[in-house]
Amino acid sequence: MATRVSGANAELLARAERVMPGGVSSPVRAYRAVGGSPPFIVSGDRSRVRDAEGRSYIDLVCSWGPLIAGHAHPDVVAAIEAQARRGTSFGAPTPLEVELAETVVQGVPGVEMLRFVSSGTEACLSAVRLARAATGRDPILKFAGCYHGHADPLLAKAGSGVATLGLPDSAGVPIAATRDTVTVAYNDLDATEAAATARPLAAIVVEPFAGNMGCVPPDPGFLEGLRRISDRTGALLVFDEVITGFRVARGGAQERTGVRADVVCLGKVIGGGLPVGAYAGTAAIMRHVAPVGPMYQAGTLSGNPLAMAAGLATLKLLDAAAYARLESLGARLEAGLDRVARDAGIPARVQRVASLLTLFFAPGPIRNEDDAKAADRSRFARFHGAMLARGVLLPPSQLECLFLSLAHTDEDVDTVTSAAALALRQIAG
Ligand code: KE4
């Protein structure tokens, strides 16, 4: 049941569609996967956002992950305000970027240096270029269902068969750009082994806990297997932790799993809601990056002082108690959604890591993109609309994750669970 917005939201959408494709700045926001039209959000306050018609929602999008401290956290707002009064951008090194770089390096296991960029896309495309520069190899391997931003080499879909090279997964991406990108199924170590043996790879790029086909954790031994294949073949292991970095643990997926990557991509949380990305590695690997090494990468707003200030203020809030709180909230919501789905007699399953979770309308475990795409996406669309009507803002796609923040309360989680119970009964037919 798609919820059509009315009044101010509808007027804004009509205006937006005249000047922006789909009326949005990023495709998923257009609600094409769930139907209906998006509310235009004008403000956020802790765990809630408010739309152009004054409607309030419990927010489980959290800007797709960055708002781990909740909306308009006073410490983050104060840090941005204070820096803005001192200037917003200088195109020069600043003390703040040194402080954030030191904080990130201290938090992320196994990295000694990083370079800031302005998005997760930039972080991942730079990491691929770095791996190619460091190894002198061109082929890279990625996993179907994992998303690493929209750079050409990473917009590849699986060719037929394991070792077939990639095909473009978007108009405008030349075959040449994805010719060196091999795509295999997530959690398929044999296919990875075969592809890595068929040709020397520059990198194996993976979301250590996949978040872009819904929440799909690695099978036991999968990441350890990728580490062994990287060690045996000389391919760099690149963890795309744009979602998981500083979210699933202070040290991200590496801390949670004990598996070390050679290069780590970051974004979202480290910018606290402002545009930031980063790629990080050992000093030996990062010395390939200009101006020290021959691998070029640059950015006008890289290390932007406002984003650095917001990121620092956010990371300062993420202590052990914060991660315990996020785990508690995630477990509470998982248990609640599991229970109400069972009560409604609907085949559904929650998959979760920490404060990242997905309610799949599918009976069995979701281990890869094919499993995720086999979930009942039209039922999810009806569920999304029914929850929106009850004041809960879910990510508008079955193939995305719900995000919780430190601003969500137990009451918020229980309200979401109660709304889900009613929504599930409504769509049970
Ligand atoms: P950005 O360029 O959107 O900052 O980051 C790209 C990216 C890279 N790696 C991972 C694991 C990511 O999840 C993302 C972006 N995530 C999506 C949501 N799944 C952002 C939302 C959107 O595209 O509008």
Side-chain angles (χ1 to χ4, degrees), residues 16 20-34 38 41 59-68 115-129 140 142-156 169-170 186 203-218 223 238-248 252-254 261 263-280 297 299 301-302 304 307 310-311 351 353-358 369 372 393-403:
M20 295 181 283
V24 293
S25 296
S26 198
V28 68
R29 303 178 191 173
Y31 277 35
R32 296 291 159 96
V34 294
I41 305 302
D59 180 24
L60 294 176
V61 181
C62 295
S63 180
W64 302 96
L67 276 297
I68 199 166
R115 167 62 60 83
F116 287 119
V117 292
S118 296
S119 71
T121 292
E122 263 195 282
C124 295
L125 76 85
S126 304
V128 165
R129 186 178 305 144
I140 60 171
K142 74 175 288 289
F143 295 90
C146 287
Y147 174 67
H148 308 290
H150 61 86
D152 282 357
L154 291 161
L155 282 184
D169 201 10
S170 162
Y186 193 75
I204 295 173
V205 186
V206 67
E207 288 184 64
F209 289 87
N212 285 286
M213 45 183 145
C215 182
V216 178
L223 297 177
V238 179
F239 273 11
D240 176 351
E241 295 220 48
V242 169
I243 287 182
T244 57
F246 288 93
R247 175 167 281 275
V248 301
Q254 292 188 105
V263 178
V264 178
C265 302
L266 296 163
K268 297 184 192 270
V269 169
I270 66 166
L274 270 67
V276 186
Y279 57 105
Q297 175 272 315
L301 293 173
S302 296
N304 172 265
Q351 297 192 169
V353 56
S355 55
L356 193 61
L357 63 155
T358 298
E369 186 184 48
L393 195 64
L394 300 178
S397 167
Q398 170 72 97
L399 304 181
E400 296 286 357
C401 292
L402 311 186
F403 292 90

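In what follows, every heavy atom counts, from backbone to side chain, and hydrogens, waters and symmetry copies are set aside. As the structure is a computational prediction, the values presented were derived from the model and not from experiment. Just so you know, ligand 1 is whichever comes first in the structure, and atom 1 is the first atom listed for that ligand.
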Leu266 and Glu241 have their tightest heavy-atom pair at CD2-O, 3.9 Å
Once side chain to side chain donor-acceptor pair (under 3.5 Å) is applied, do any residues pair with Ser355, and if so which ones, sequence neighbours excluded?
Arg247
Tell me, which residues have any heavy atom less than 4.0 Å from some atom of ligand 1?
Ser26, Val28, Trp64, Ser119, Gly120, Thr121, Tyr147, His148, Gly149, Glu207, Asn212, Asp240, Val242, Ile243, Lys268, Glu400
Heavy-atom side-chain contact between Pro275 and Asn304 under 4.5 Å:
no
Please, which pairs that meet side-chain hydrogen bond (donor to acceptor under 3.5 Å, both in side chains) have at least one residue in residues 205-214, sequence neighbours excluded?
Glu207-Asn212
Polar contact flag, side-chain donor to acceptor under 3.5 angstrom, Gln297-Arg129:
no
Partners meeting ring pair (Phe, Tyr, Trp, His ring centres under 6.0 Å) with Tyr186 (sequence neighbours left out)
Phe222
